[in-house]
Amino acid sequence: MSARIAAGSGDLSARVRERQDLGEQALAVDRLLISVISQPNAARNQQTEQALRTQASDIANRIKDLDRSIAAQFPDYAGLVTRTPVSIEEVQRRLNPHEALLLFATTSRFTFVWTVARADVRWHAASIGAKQLAETVNILRCGLDQEAWMETTHACAEKLGRDRAPAGGDQLPFDLDRAFGLYQALLEPVARDIEGKELILVPSGPLATLPFQVLLTEKPAPAAGRQDLAKAPWLVKRFATTVLPSVSSLKALRQVAQMSKASKPFIGFGNPLLSGDAQSAFDADRAAQARLRQSCGASPEPRTGQPAQRGRRSIVALSGGTTDMEQLKHLAPLPETAIELCLVANSFAPIKGDVYLGKEASEATIKSLSESGRLQQYRMLHFATHGALAGQVRGSIEPGLVLTPPAAATPADDGYLSSSEISGLKLNADWVVLSACNTAGSDASNSEAFSGLARAFFYAGTRALLVSHWPVNSDAAVGITTGATGAMTSHPDIGPAEALRRSISALAAKGGEHAHPSVWAPFVLVGNGSP
């Protein structure tokens, strides 16, 4: 992102360029100093060494001064590219009385939980180390994500004592006892402190891959009585939850918190032109775009039970090397996303939302809308496509979203909207919905939660993101997103976290296939800009 800004014009660009130049000078001096002090003692020159040390110190001081200047003049940029500690007192000042922030840090033996409220701070050590925590989360994921059964690292069948994966129409075996056990370890010790509050969660490692709403706040009923999952004591029934990639992002979001004054309700991008394994599928998909575009004005019927598979397996094939446009085109097509976007767009009244499908769902379109200022006119953006984590797409080390590939790749449009390109968009949105697998991030202990996309969208002008932990059932995506936006419209006094809680709870309460957490739980809210 720094490189992109440095290529532009203005005060920030000049300072970023200067910062990069100083960084290169520091590296060059360091290498030279290592070279001269590595000489045999007889050949070493103390004056040269001292001169280089003085030069290195001078460059370091200039970098510090420049960093302070950038932070003072461009705090949003500084907050995005650097992460600095935030004092507990400042966090408390940023919290509302009805909120509690929980920070999780895992070691080999314990998971430490800090609970920060407006008037109090507590911490406790849960007796669940990194290995046990990863095992627990992986087993819970086996009951939520069908694709987890296809990944050898999770070995769902072995972990759950099964000889095969559940058949297509069977429910995934969600472990209610483990879901309650994890609540007991992490949250029950502070139950009194968090009762009646909205929870702002800062997870890391395996916890970043599990939506907390699937935990149980009470011991589950005996096995014979577990058929009606709609009546289970899910955490989502008691607590509205928001997730942050870091504690410092609370400060950044609250500093600029205000409701969007954008005039239009919704814009969506999806169903990119992808062929899957056959070129004929690409041609057929392209031919169908006019019909799909037309369907947005005709209130299309949802196709229940058919998940739009925005899966990891199709993305992994792109790892390493340089961008290969043909491989990008051969990702699995996502026709269900057209229905999903059209239904959400049509739910707004009296002005319906705008939808860009197929050829129009491109980097070029999005960047053109941004540069013209039109993208800032929408309060809600919705991307329904493949998502990728850092390093999973050839030619990019960044996370991002797959869009319709152009005929030939250019720096401005290669079919992949990366995080640094997202940070350069001009948005003014209360919500951005990322209805794409992988947008909630990886479980690597050293990776940033939520794949780095969150900070990029925050910088671009977004107050909150709705991201998914596994491939989304399109009907559920429609119900959850429209339910949440409807709740905020009907009750202006509630924030997005409570609106999402009500929407998810309503879907789960329908019972039947909707009651299983694999249907209602993939979405989590990232970011909380409520003032």
Side-chain angles (χ1 to χ4, degrees), residues 101-115 122-166 172-191 199 201-217 219-220 234-235 241 243-247 312-313 316 319 389-392 399 437-438 440-452 467 469-470 517-518 521-522 524:
L101 181 142
L102 291 95
L103 171 66
F104 303 85
T106 304
T107 69
S108 60
R109 295 179 58 197
F110 299 102
T111 294
F112 296 97
V113 185
W114 280 264
T115 304
R122 294 181 185 274
W123 72 271
H124 70 276
S127 298
I128 179 170
K131 184 177 180 180
Q132 184 185 354
L133 182 62
E135 179 85 359
T136 299
V137 170
N138 284 343
I139 289 176
L140 292 176
R141 291 269 312 190
C142 289
L144 298 168
D145 181 3
Q146 184 72 48
E147 288 197 353
W149 291 81
M150 305 172 191
E151 297 179 5
T152 56
T153 53
H154 285 186
C156 287
E158 180 181 344
K159 292 179 187 299
L160 297 176
R162 291 175 169 242
D163 56 1
R164 62 178 179 82
L172 294 174
F174 186 76
D175 194 321
L176 297 173
D177 291 314
R178 275 190 170 86
F180 175 59
L182 198 54
Y183 170 82
Q184 281 184 301
L186 300 179
L187 300 181
E188 195 171 64
V190 292
L199 307 183
L201 309 169
V202 187
S204 61
L207 286 177
T209 71
L210 184 74
F212 274 65
Q213 58 251 38
V214 303
L215 301 185
L216 296 183
T217 58
K219 187 174 178 60
W234 303 111
L235 184 139
T241 58
V243 180
L244 293 179
S246 63
V247 177
R312 288 178 290 274
R313 290 173 293 110
V316 172
S319 298
L389 298 178
Q392 286 187 324
C437 185
N438 275 348
S442 93
D443 60 357
S445 59
N446 62 344
S447 68
E448 180 173 271
F450 313 102
S451 41
V467 299
H469 276 286
W470 55 83
S518 63
V524 294

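If you're wondering where the values come from, they're calculated on a predicted model, not measured in any experiment.
Here Leu210 contributes atom CG and Gln213 contributes atom CD; the two are 8.5 Å apart, rounded to the nearest 0.5 Å. The CG atom of Leu186 sits 6.0 Å away from the CG atom of Leu207 when rounded to the nearest 0.5 Å. Interatomic distance, CG of Leu102 versus CZ of Arg122, reported as 12.0 Å (0.5 Å rounding). A distance of 11.0 Å separates CG in Asn138 from CG in Asp145, rounded to the nearest 0.5 Å. Here CG of Leu133 is found 5.0 Å from OG1 of Thr111. Values are rounded to the nearest 0.5 Å. Summarising the geometry, atom CZ belonging to Arg141 is positioned 11.5 Å from atom CG belonging to Leu172; distances are rounded to the nearest 0.5 Å.
For the pair Trp234/Leu216, a side-chain contact is recorded, criterion being any heavy-atom separation below 4.5 Å from C-beta on. Contact of the Asp177 side chain with the Pro220 side chain is registered, since non-hydrogen atoms from C-beta on lie closer than 4.5 Å.
The backbone N or O of Pro522 sits nowhere less than 3.5 Å from a side-chain atom of His469 that would complete a donor-acceptor pair.
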Would Val214 and Leu144 count as a side chain to side chain contact (heavy atoms under 4.5 Å, CB included) here? Give the steps.
CA-CA 9 Å; Val214 303; Leu144 298 168; 4.3 Å; yes

Derivation and outcome, side chain to side chain contact (heavy atoms under 4.5 Å, CB included), residues Leu182 and Ile128:
CA-CA 9 Å; Leu182 198 54; Ile128 179 170; 4.0 Å; yes

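Partner of Pro211 under the side chain to side chain contact (heavy atoms under 4.5 Å, CB included) criterion, out of Val243, Leu201, Val524, Thr241: Val524 alone.
Ring geometry for Phe112 versus Trp114: interplanar angle of 30 to 60°, hence tilted.
In plain terms, the two heavy atoms of Leu235 and Thr217 that are nearest each other are CA-CG2, 3.8 Å. Between Gly129 and Thr106, the shortest heavy-atom distance links the atoms C-CG2, 3.9 Å. The two residues Ser204 and Ala105 make their nearest non-hydrogen contact at OG-CA, 4.4 Å. What you find for Ser518 and Gly143 is that their closest heavy atoms are CB-O, 4.3 Å. Contact record, Pro203 with Phe104: CA-CD1, 4.1 Å, taken as the closest heavy-atom pair.
With sequence neighbours excluded, no residue satisfies salt bridge (charged side-chain N to carboxylate O under 4.0 Å, His left out) with Glu188.
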